[in-house]
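Following: one structure in structure tokens, then a few remarks.
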There are 2 protein chains.
Amino acid sequence: MEQSRVRTARDEANSPSSLLVKFGEDKPLRLESGAILSPFQIAYQTVGELNADRSNAILICHALTGDQHVANTHPVTGKPGWWEMLVGPGKPIDTNRFFVICSNVIGGCMGSSGPATVNPATGKAYGLDFPVITIGDMVRAQSMLVDCLGIDQLLAVVGGSMGGMQVLEWAHSFPERVRNAIPIATGARHTAQNIAFHEVGRQAVMADPDWCGGDYIAQGRHPAKGLAVARMGAHITYLSEAALHRKFGRNLQDRNQITFGFDADFQIESYLRHQGFTFVDRFDANSYLYLTRAMDYFDLAAEHNGRLADAFKGTKTRFCVVSFTSDWLFPTEESRMVVHALNAAGASVSFVEIESDKGHDAFLLDEPEFHAAVRGFINAAARQMGIGE
Amino acid sequence: MEQSRVRTARDEANSPSSLLVKFGEDKPLRLESGAILSPFQIAYQTVGELNADRSNAILICHALTGDQHVANTHPVTGKPGWWEMLVGPGKPIDTNRFFVICSNVIGGCMGSSGPATVNPATGKAYGLDFPVITIGDMVRAQSMLVDCLGIDQLLAVVGGSMGGMQVLEWAHSFPERVRNAIPIATGARHTAQNIAFHEVGRQAVMADPDWCGGDYIAQGRHPAKGLAVARMGAHITYLSEAALHRKFGRNLQDRNQITFGFDADFQIESYLRHQGFTFVDRFDANSYLYLTRAMDYFDLAAEHNGRLADAFKGTKTRFCVVSFTSDWLFPTEESRMVVHALNAAGASVSFVEIESDKGHDAFLLDEPEFHAAVRGFINAAARQMGIGE
């Protein structure tokens, strides 16, 4: 019996198993940098059915290392969708009632155009020839996808972390197209500390000689060690001191004694190494550079002389802003700044701070209070549109 | 005119410009791992004069990347001593009155035996053949140095961070020799989060192909990139979000516009890169592995079935425990655990939490309230011994 072959990350980058929309040279993506990306493509997944009046579409925006596989088995890892706790039949974002869209961001590595994609001009992977993109660029690409799907207005745009940045950008750039917005564990700008952590991650990747100045695909190499170090460092920031202490403390590995060496004596070391080394099998190192950079550049207030409220002037979008008490990457204070700006702009806004010791990653984990908040907000939004339970 | 030659880190590791005491095979250092380090040497500096009754000696213990050059110009960097704000004539630790000793820790790279030292058995640098050492080993080596200097009892042992761990270890292992102890910005154990950050740093070093399995000195190479990444990541943990925001925020470099690339656009990026690349000129990569490992292994309560108070049972040492409000590497809670244990052990203990937004590094910076607290405690200690002002 032949064993079924698992698809590799490289397969997905260039011939994704997802739905695909290709934008030809008549539909270029004009980037904030001034560059033009054309042709380009977006890989996406949908769940549920679009209703007759096209009013039940919910767009989900993924985080830095997420992808479009929000509620389906991941084609490379074989793991469940990353938000199946929140998205599915009967779930808070109920796919029996809503048409859920999730696309891989531009710059990503799961089928949308990114640095691992073959550059049609050269026939080899873009590498660093791929233009630097922003959160705004990701969102404009998504809006072209939503156009293609024949949807004028989204019932809701939902996302955490970098996904939450996209939610805020959607509400800013396309206020008429976003009825409801749920930015989760995010902020309207990347802080100095967050830029700093990203910069260390990028330096770790670029320090790896197998990175080859970004040209590793063409040269048949893979900066796995550098990318693993980047992931390990980042992973610490996704958790909380309390969660690490509860989960690992100073617990030792199997032998229950220290070895006086540099192997993984502590469980936390072994856990981090595992996080690092599994990540490199499903993610592209250059995508990691591009997406962290897009997050660093994000600063909604900057376009409005520092007045964040002006980014949302006259908005009719209804917001539900969510933060988690132990999230130190995007602490509640960053969400509160968004809420204050929305209030100042006269927007309709709910703000929920969820008590959790799980840190930033809480938005991906089993947090019943968070899930109940999303369910309540989405149900109210559906009622308003006359979408039955 | 001939330019004066600056000494290199490699010069200092094997023929230090500091004072040196060599322990021959008759004076081996028995390590906690069971290994024996022999022969070995300690490089140290002293400031001030030992008084006639040998009662005015203060031992200063340095932090992870510190060294013995506490109050004198650094022989490699040419910078002032790292604690000149606190140590010197008329300073809180007044070298007109006290005899100050500071030695490079075992495992370090400024002249005390460490992985960069030539192994007399092979004639080449130890590298990973150097035995793994602990905070306890560092302190036992220091106690042999103090013996050599003819000092029975220290007026005080003072140190921050890894230095503070040594202070606690001194009070635990040699209670009769320590009249007063000032552990600063430290804890009685390394937490899971701190182990995690150290592990990422070690992985960054070891991922560098120039690390050569630890044998880079013999092979004439230098894992500078990996060590720089480790330093950059660690440096973030030494600061605070507030300090980073105040100092850098999202400020851009010279041109005041983003470049849509991977150069250092933000001032924080440029600052971190500078921190990384200057560090590698003065520090040994293997020492970084050994010293972070020693910190990870530190857990004073573990030897006493988790009862930290038992580590200080019956102590007559007087303690002044210092923490800083914005230190998230060794938060006040870790100091409070030490204070509770000392109280439970019936020790004399003062506890000062200094209000500061400078993070962990506050202990190295201009913090007048902190300096006043040290001055007051040391003066009281001196008065008790009849040492004049």
Side-chain angles (χ1 to χ4, degrees), chain A residues 31-35 128 131-134 189-193 195-197 199-204 206-209 214 225-226 228-229 232-233 235-236 239-241 244-245 247-251 258-262 264-269 271-273 276 289 293 296-297 299 302 328 331, chain B residues 31-35 128 131-134 189-193 195-197 199-204 206-209 214 225-226 228-229 232-233 235-236 239-241 244-245 247-251 258-262 264-269 271-273 276 289 293 296-297 299 302 328 331:
Chain A
L31 303 173
E32 285 189 48
S33 66
L128 293 197
V132 166
I133 42 95
T134 64
R189 55 158 197 200
H190 220 213
T191 63
Q193 184 168 282
I195 295 171
F197 277 118
E199 171 65 2
V200 175
R202 284 189 295 263
Q203 290 293 324
M206 297 193 286
D208 189 329
K225 284 185 174 179
V229 168
M232 288 172 67
H235 197 77
I236 302 172
L239 308 176
S240 71
E241 209 288 323
L244 283 167
H245 183 70
K247 204 166 169 181
F248 304 105
R250 294 182 48 82
N251 296 340
I258 59 175
T259 62
F260 294 99
F262 299 107
D265 273 353
F266 294 99
Q267 288 175 12
I268 177 65
E269 295 177 295
Y271 170 78
L272 275 186
R273 290 182 187 190
L289 304 184
R293 203 52 166 160
D296 292 352
Y297 280 163
D299 186 359
W328 57 279
Chain B
L31 303 173
E32 286 189 47
S33 65
L128 293 196
V132 167
I133 43 95
T134 64
R189 57 159 194 197
H190 221 214
T191 62
Q193 183 169 281
I195 295 171
F197 277 119
E199 170 65 2
V200 175
R202 285 190 295 264
Q203 290 293 326
M206 297 193 286
D208 189 328
K225 285 186 175 179
V229 168
M232 288 172 66
H235 197 78
I236 302 172
L239 307 176
S240 71
E241 208 289 322
L244 283 167
H245 183 70
K247 206 166 168 182
F248 303 106
R250 296 181 48 82
N251 296 339
I258 60 176
T259 62
F260 294 99
F262 299 106
D265 273 351
F266 295 98
Q267 288 176 13
I268 176 64
E269 295 178 294
Y271 170 79
L272 275 186
R273 290 182 188 189
L289 304 184
R293 202 52 165 161
D296 292 351
Y297 281 163
D299 185 0
W328 57 279

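The chains referred to below are lettered A, B, ... by the order of the sequence lines, with proteins before strands, and numbering in each begins at 1.
- Top candidate by heavy-atom pairs under 4.5 Å with chain A, chosen from B:Gly34, B:Gly276, B:Pro331, B:Gly233, is B:Gly233.
- Using a 4.5 Å cut-off between heavy atoms, B:Tyr271 does not touch chain A at all.
- Most heavy-atom pairs under 4.5 Å with chain A: of the set B:Asp208, B:Val229, B:Thr191, B:Leu239, this distinction falls to B:Val229.
- With a 4.5 angstrom heavy-atom cutoff, A:Thr134 touches chain B only via side-chain atoms.
- Proximity to chain B involves both the backbone and the side chain of A:Asp296, based on heavy atoms less than 4.5 angstrom apart.
- B:Arg202 and A:Phe262 make their closest contact through CD-CD2, 4.0 Å (heavy atoms, listed as atom of the first residue, atom of the second, distance).
- Contact annotation for B:Leu272: only side-chain heavy atoms (C-beta onward) come within less than 4.5 Å of a heavy atom of chain A.
- A donor-acceptor distance shorter than 3.5 angstrom exists from the side chain of A:Arg250 to the backbone of B:His190, with no hydrogens or angles considered.
- Across A:Ile268 and B:Ala192, no two heavy atoms sit closer than the pair CG1-O, 3.9 Å.
- Contacts of B:Leu128 with chain A are made by side-chain atoms alone, with heavy-atom separations under 4.5 Å and no backbone atom involved.
- Separating the CD atom in B:Glu199 from the CG atom in A:Asp265 is a distance of 9.5 Å, to the nearest 0.5 Å.
- Neither the backbone nor the side chain of A:Ile133 comes within contact range of chain B; no heavy atoms are under 4.5 Å apart.
- Taking the six-membered ring where tryptophan is involved, the planes of B:Phe266 and A:Tyr297 are tilted, since the angle between them lies from 30° to 60°.
- For chain A, the option among B:Leu244, B:Leu289, B:Ile236 with the highest count of heavy-atom pairs below 4.5 Å is B:Ile236.
- To the nearest 0.5 Å, atoms CD (A:Gln267) and CD1 (B:Ile195) are separated by 10.5 Å.
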